[in-house]
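A, B, ... follow the sequence lines: proteins, then strands. Residue 1 opens every chain.
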Amino acid sequence: MPVQKVNDSSDLDAKVPAHLQRTAITGLTVTSDPSHRCVKARVVHKGPVISCAQKDGIEMLRAEIREEDLPQSTTEHTSINVIFFGTLAKDFSQSVRQGDVVLLADFTIKKSPSFLRDKRHPCQLEMDGNDACVYVCPSAAPSQGPSCSEAKYTYVPLNNLKHKTVVNVYGVVTFFKQPFPSKGSDYCSTLKITDQSDVKVSCSIFSKKLEDHPVIFRVGDIIRLHRFKTEIFNDSMTLLNTYGWSAVTFDGIIDSPVDPRTSSKSFHFGESDKNTVQELRQWAASQSLISNDPTVSLSSVHPGMYFDLTCQLLAKAVMDSRCILLKVWDGTKCEHPLLNVAVASDALEGESTVAKDRMNLTANVLVYDNHMEAAQDLKPGTFLRFYNLRSLLQRAPDQQPDQAEHLSFHLHGGTTYGRGLRSLPAGSPELQSLKSVLENHVDLDEYDEVNDGTLLEIWYTPPEAVDGEADTAHSYTVRTCEHNTQQLTLARVKRSTPPLSCHVRARVKKYHPQQLYQCLKLFCSKCKTMKDVPDDGAVAKVFRESARENQPCDEQWAATSSASSREAGRTISMHISKDMVGQSTHMQLIFVEGTTLDEICVLSRDYKNLVPVRSENGRMALMDLTAPFLFSGDKRYYGCKRCSLNTFENHVFTGVETYDGQAVAEALGVQLMRYGLLIQFELDDGTDTLEALLWENAEKFFHVSAVDASGSQDLQDKIQTIIDTIQPPQSSLEERPWLDLCLSVYTVKDNNINKVCYQITDSEIREE
DNA sequence: GCTTAGGTTTAG
């Protein structure tokens, strides 16, 4: 039943239903039977509508009413607190002003929890929206309070606080701790605020509900406190929240929108508040408290610092009962190598950080003890801020003494210096610059995709027993990774869930291809096509077909010389750009037409860079891309048939000192296919066997460049020699050397079926 | 229902 209005105080008496009996406030006791009673009194205080923490956030409002028709002698317990709940609280807030006379019926009588403090009345009245009824007679004299329905608040400057009063204040936060569990029943926020008076006041806020605590992001935020009581502690004025309190915060950035941050559903906020906030922002900007901001980006972190870090969560993992790992970034590159922390892949929640790890962008933050509670709730993608984060140089357990130490980050237990963390809403104005930095890194995801063969996540698990010999015997390979992961048996690796990275020690049981020249592959980084290097028979056929019935082409830009071949009717032509005439043959890019494969091979002994071409309606065109598009000394460069445009746009290479496959490919509209080495090893460590690819890491593994190997028998022999060492012909498995390998376990989609693959990464042949 | 904290560094 809503609040009902009457025009005159005497009408209130008329409204009293016949069955109700008017009762004096002074006479109310806890044992009074409330039924059939009503009270009539003047509203002397009306509080704001607040949400009641103890009653599941139900709206409530507290008012104080005073009995007026009293004998002179009566002075005790003349006023009483009334609590309105639910819709009645809101209705009362809107319809009743301080100074109005009200008639209340169908209340319940409870013991007053604040009687010892306010000495008002041993009881309080509680009015529930469903049953209770309120009649109000608006006061004729508006002088009792402001004309608006909301009470107007006055704010006391911090240098004018008087002991034992309840006040409203505004201030700039100069220190704060995130809410932490007190030794009592509540969470406690402690903060220090200041204002234009330059007086600093400490403040403690107790509340069971975390969400009721002030939402402070950084020093410099503006805070408004309502109904805080003043107390002297250690000769200093302090503020403590008291019944009906509220806290509202704003960011301290000048000219940013004045957006109140609060969990309170109903709070007063008007034009004068806006002004106060803006004045405090202006004043704070001139104070040193802002310039002492401890916020630091990853790019300027140094070892041993305590600092605040604003960042985005990429992934997280619980390490043990007292530690949780948060992998974060802020888009800036750290000057010091960053420590990667070992994690069980099935315990890691969030995206892969491989690409960012490689670029030294991922900070691994170990969050301890009391901070785990806040860290556990964070979802990957969330923006967050660490307060009083510690950076330390650390040596990874398997790290060589001569390698640079890595930077680790610890959010130690405890709350001193405001140590803690909290999430930041994505729309927060102070996140805008961070977000634009992160957006500049979108290409990283593509990078990740290209390198999906090394979806490296670090694996941590107690090692299984590996047989003694394997543990200590000399290894023919050495791992070059810097992460710290335990060595696993192959059996354990096969039981694991990808993606993960691990260390294994195994022998080569078999390898494929047995004909090693077949391990040389061509790979298109654009469409990911991989193919064998065409054999000479196939290439020779393309040359023969192009040369047949070929009429030399005629291009304005080219100087051409032609000669008859041994075969009747076939002309061999060589074209060079006219502005290159007279240059050394090593500096010239020569377009060759009408030759056989054998002939261009002979020519390439004397001419460094040859592009085989044919004529198409008199114009120069590239040959079918089964053939190389460039012969450069011993090397042949191939283009991707799918991705090349063959635009032949820029045949002019003026001033180019050296040609490489990439530069020529770009000029001709060809998508270069890169050389790679691909070998599959069947590994065996006695517990199990598995097929591991050597692909992305193959050049490092053999210390051989694939493109160089393509034109060098010596380098191909070198690869053969290495293979013959790790798997000597006719040897038994036991005779073969052990290999220490870093292994990446990942899945690929093959015909829509997820297939687990193993790839050897970060491992090299030991060069004695 | 009352108390809690009251800034000042973990030690992984």
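In this model, no side-chain donor or acceptor of A/S182 finds a partner on the base of B/dT3 within 3.5 Å.
For the pairing with A/Y387, the ring-ring contact (aromatic ring centres under 6.0 Å, His included) check across A/F217, A/F175, A/Y417, A/F176 returns one residue only, A/F176.
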Base-contact (B) and sugar-phosphate-only (S) positions in nucleotides 6-12 of chain B, heavy-atom cut-off under 4.0 Å, - elsewhere: BBBBB-B
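Heavy atoms of other residues, nucleotides or ligands lying less than 6.0 angstrom from NZ of A/K177 number more than 12.
Note: NE2 (A/H213) to P (B/dA5) measures 12 Å, nearest angstrom. Taking atom CG of residue A/L239 and atom C1' of nucleotide B/dA5, one finds them 13 Å apart after rounding to whole Å. Atom NZ in A/K110 sits about 14 Å away from atom C1' in B/dG1, given to the nearest Å. Computed from coordinates, the A/I205 CD1 to B/dT3 P distance equals 19 Å when rounded to whole Å.
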Steps toward side chain to side chain donor-acceptor pair (under 3.5 Å) verdict (A/H410, A/Q394): CA-CA 11 Å; A/H410 301 260; A/Q394 237 169 280; 3.1 Å; yes
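Between the CG atom of A/D273 and the CD atom of A/Q278 there is a distance of 11.0 Å, given to the nearest 0.5 Å.
Residue A/C188 is classed as a sugar-phosphate contact, given heavy-atom separations below 4.0 Å to backbone atoms only.
Side chain to side chain, A/D221 and A/T249 fail the donor-acceptor criterion of an N or O pair below 3.5 Å.
A/D186 has a carboxylate O that lies under 4.0 Å from a charged side-chain N of A/K208, or vice versa, which qualifies the two as a salt bridge.
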